[in-house]
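Let me begin by presenting the structure, written as structure tokens, before commenting on it.
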Amino acid sequence: MAKATSKKSSVNNKIEDLSRNMADGTDQFMTTDQGLKINDDHNSLKAGDRGPTLLEDFILREKITHFDHERIPERIVHARGSAAHGVFKLNKSLSKYTKAAFLNDTARETPVFVRFSTVAGSRGSTDLARDVRGFAVKFYTTEGNYDLVGNNIPIFFIQDAMKFPDLIHSVKPEQDNEIPQAASAHDTFWDFVSLMPESSHMIMWAMSDRAIPRSLRMMEGFGIHTFRFINEKGESHFVKFHWKPLLGVHSVAWDEAQKISGKDPDFHRRDLWDSIENGAFPQWDLGVQIVPEKDEHKFEFDLLDPTKIIPEELVPVQIVGRMTLNRNPDNFFAETEQVAFHPGHIVPGIDFTNDPLLQGRLFSYTDTQLSRLGSPNFHEIPINRSVNTIFNNQREGHMRQQIDKGKAAYSPNTVGGGCPFLAKASEGGFTSFQERIDSSKIRGRSKSFLDHFSQATLFYNSQSEVEKQHIKDAFSFELSLVNIPEIRQRVVDHFSNVDLGLAQYIAGKIGAVAPKKPMPVQNGAIPADGNPKAYQPIKGKSSIEKSEALSMAKTVKNTIASRQIAVLIADGVDEASLKNLINKLSAEGAMVKLVAPKLSPVKGSKGGAFSPDRTFFNAASVLFDAVYIPGGAQSVAALREEPDAVHFVNEAFRHCKAIGADKEAMPFLEDTYIPRKLGSDMSKDLSASGVINNGNIKNFIAAVAQHRFWEREMMSKVPA
Ligand code: HDE
């Protein structure tokens, strides 16, 4: 976690560029859009006190007209998002592989703007949907904007852009009644999945805890497609991009996610905003997997297939730089909403491959901005403009800002002295990699794309027992909300090819027939004249059985920085204990929040006063990472009388969070389900289960750093 600095000190050349468009109304008169000072902004112009409003009232007309046109279309996918500014610092030059300047010079810091998103929900939907998260990074490089538009899952549902509208139509709310919002648990999505075996690998990830992150700051990011690096000599290497969060990869429980959606649908957005405001800057390491051109066909999967990873055991991830998000946007609409990403925004040294999904994206992203932002001049919107001035012969269009001087707007010309000039490759001019292509035009799918199951199985086999259980639970939940039994059965049969035990478990939960062996699978995506045999999915061999990087179980668990810790207090709380707790947790960078029966100051045992941050009627355990109950006989007795306080701790226990208490608070813990679940002897040290009941703050801190004690779920759940 980087150290805090103020907003002013997080200035870079992109922030300076944005400041050209910033306006601050502090100490200024209110004006109309024409710059006229306004005298009355409260009353419209009328014919007499009680008379009709006059059409002449240009101030009213201007205000209402602007308001009437305030909305723009939300993104067709990834509508719900949150973003932040930051910097990328390279720490290992990649000049051997790429000539991209921002990946060559370790002295350089490149400004970035990063937008995280959910995919399926509308702009106002909950942050905690079970969904893939977008992870889009715009690098404002000296050679132009480079956008790495990725997700928090390293693969995708489909192999060909042609199926993207179908995929999205199936997952979005159903077309007759617009239900459900931001959820994949419905007939049309699973109908599509059941007919598209190529989605198996991605579905395994989407049903895993990766799809319910604890925080946007605790997710990995992936470029997904294989791209190319091109070096000065014109040589190409294949590359996959990874973002690895310094805080580790963590998730919430599904029951918790659903409750957060009600208690605070802005949970992720607030978490990102607050941590940056508090100086707990989120950081990720940039990693690359590099494959020499000659090794293109050496793997048991096709590098061009976006439903496949390159296991880290086969090609290690090299860490080459670090990204720090250190500044919140000044205006959500101007920056987060209007930012326009595009995988086709590349710089010399980076190029595309023939991944058919990537190829389709290269068309889509500019096209969609034309209807979303309304003009081919969207690149001039401050958040989108390059830090380099733009010179070309593109002219006019809605809302053109740039005033191009001179007479000539064409090339070649002599009238303008031949300007603007073209740049040679040696001067930084972009040239495409000269890949040799010699083949027939074919509308179809390569046979090397037909193994739809082996990596889905690899993923499942790489999970811990707890993670496997969460995947089973997620499938059971989702499919139980599918109304058509045939769809449920097809999905079960389909996943019997990934793991028979998994399919049998799900079948048992959703009233489907449990398969006894891997069942034949239908591939619904076959051309009218296609031979079904040629499209029959296969399960190839995987040279590795498990890959540690695919599990979250062994992620970073050495810090409590920026974790939200609830401390439950009432009048009479042991002051010395409370102050000591706050000091020790704060010293580790945790955010301590006092939760009390009401918002008025709580009296301490020595006459001091503590202002609560939240109350039992506006807070809930699901908004915190851990909970602590300090001593003070009067406070403990009052909390025992507070059913919401008891529920708070039961729920934290159910969600496997660290729970701490002073010895004096033991009677309170005995009112909860904890003794029944951990054995009634509360005098024992229960820290191995994440319950620290002896006031040992060091042990409590170590327990919070573990994030969750998921094994508790295996014991049985408490009602909460
Ligand atoms: Fe996108 N995607 N996508 N996508 N995508 C959009 O562009 C599209 C895909 C991703 O925060 C849209 O500006 C097609 C993969 C992110 O503003 C649209 C295909 C990956 C974001 C679009 C894909 C992504 C988008 C909607 C299949 C991970 C949000 C608004 C061929 C590598 C960016 C917009 C932001 C947004 C099209 C598949 C990531 C419609 C056609 C694979 C993170 O252009």
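Atoms within a ligand are numbered from 1 in the order they appear, just like the ligands themselves. Not measured: the values here are computed from a predicted model.
Aromatic ring pairs are classed by plane angle as parallel below 30°, tilted from 30° to 60° and perpendicular above 60°; the pair F222 and H242 is perpendicular.
An N or O contact shorter than 3.5 Å links R115 to ligand 1 by distance. By the 3.5 Å distance cut-off applied to N or O atoms, H225 is not counted among the residues near ligand 1. Considering backbone and side-chain atoms alike, R372 places every N or O at 3.5 Å or more from each N or O of ligand 1. The shortest N or O to N or O distance between S364 and ligand 1 is below 3.5 Å.
Not a single heavy atom of F116 lies less than 4.0 angstrom from ligand 1. In this structure, G150 has a heavy atom closer than 4.0 Å to ligand 1.
Ion pairing between K172 and E178 fails under the 4.0 Å rule for side-chain N and carboxylate O. Under the 4.0 Å criterion applied to side-chain N and carboxylate O atoms, K308 and D451 are not assigned as salt-bridge partners. Using a 4.0 Å cut-off between charged side-chain N and carboxylate O, D127 and R80 make a salt bridge. Taking a cutoff of 4.0 Å between a charged side-chain nitrogen and a carboxylate oxygen, D160 and K163 do not qualify as a salt bridge.
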Q: For side-chain contact (heavy atoms from CB on, under 4.5 Å), just list the numbers for M207 and F495, CA-CA rounded to whole Å, side-chain angles, deciding distance to a tenth of an Å, and then say yes or no.
A: CA-CA 12 Å; M207 292 301 111; F495 281 89; over 6 Å; no
Q) What's the verdict on side-chain contact (heavy atoms from CB on, under 4.5 Å) for N354 and Q359, showing C-alpha distance, side-chain angles and the deciding distance? A) CA-CA 6 Å; N354 299 331; Q359 294 284 322; 4.0 Å; yes
Q: With side-chain contact (heavy atoms from CB on, under 4.5 Å) as the test, would you mind laying out the steps for T226 and D355 before giving the verdict?
A: CA-CA 7 Å; T226 305; D355 170 346; over 6 Å; no
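Those atoms of ligand 1 with a heavy atom of F156 less than 4.0 angstrom away are 15 (C), 38 (C), 42 (C). Counting the atoms of ligand 1 from 1 in the order shown, those under 4.0 Å from a heavy atom of G134 are 43 (C). Set against the non-hydrogen atoms of A161, the atoms of ligand 1 under 4.0 Å away are 31 (C).
When the options F139, F341, F227 are evaluated for a ring pair (Phe, Tyr, Trp, His ring centres under 6.0 Å) with Y146, the one that passes is F139.
From the protein, the heavy atom lying nearest to atom 30 (C) of ligand 1 is R75 CG, 3.6 Å. From the protein, the heavy atom lying nearest to atom 40 (C) of ligand 1 is I76 CG2, 3.3 Å. In this structure, atom 24 (C) of ligand 1 lies nearest to the protein heavy atom R361 NH2, 3.1 Å. For atom 34 (C) of ligand 1, the closest non-hydrogen atom of the protein is T368 CG2, 3.5 Å. Among all protein heavy atoms, the one lying closest to atom 25 (C) of ligand 1 is H78 CD2, 3.2 Å. Looking only at protein heavy atoms, the nearest one to atom 8 (C) of ligand 1 is F164 CE2, 3.3 Å.
Neither side chain, N377 nor Q401, offers a donor N or O lying under 3.5 Å from an acceptor on the other. Side-chain contact, R445 with N523: no donor N or O sits under 3.5 Å from an acceptor N or O. With hydrogens and angles left out, the side-chain atoms of T118 and D131 include no donor and acceptor closer than 3.5 Å.
Of all the heavy atoms of Q369, the ones lying under 4.0 Å from any atom of ligand 1 belong exclusively to the side chain. Here F222 has no heavy atoms under 4.0 Å from ligand 1, in either its backbone or its side chain. In V77, the parts holding a heavy atom less than 4.0 Å from any atom of ligand 1 are both the side chain and the backbone. Here I224 has side-chain heavy atoms under 4.0 Å from ligand 1, and that is the only part of it that gets that close.
When distances to atom 1 (Fe) of ligand 1 are checked against a cut-off of 2.8 Å, Y365 contributes an N, O or S atom below that limit.
Counting heavy atoms from C-beta on, the side chains of V315 and F238 never come closer than 4.5 Å.
Proximity annotation for atom 33 (C) of ligand 1: of F378, F135, F341, F341 comes nearest, heavy atoms only.
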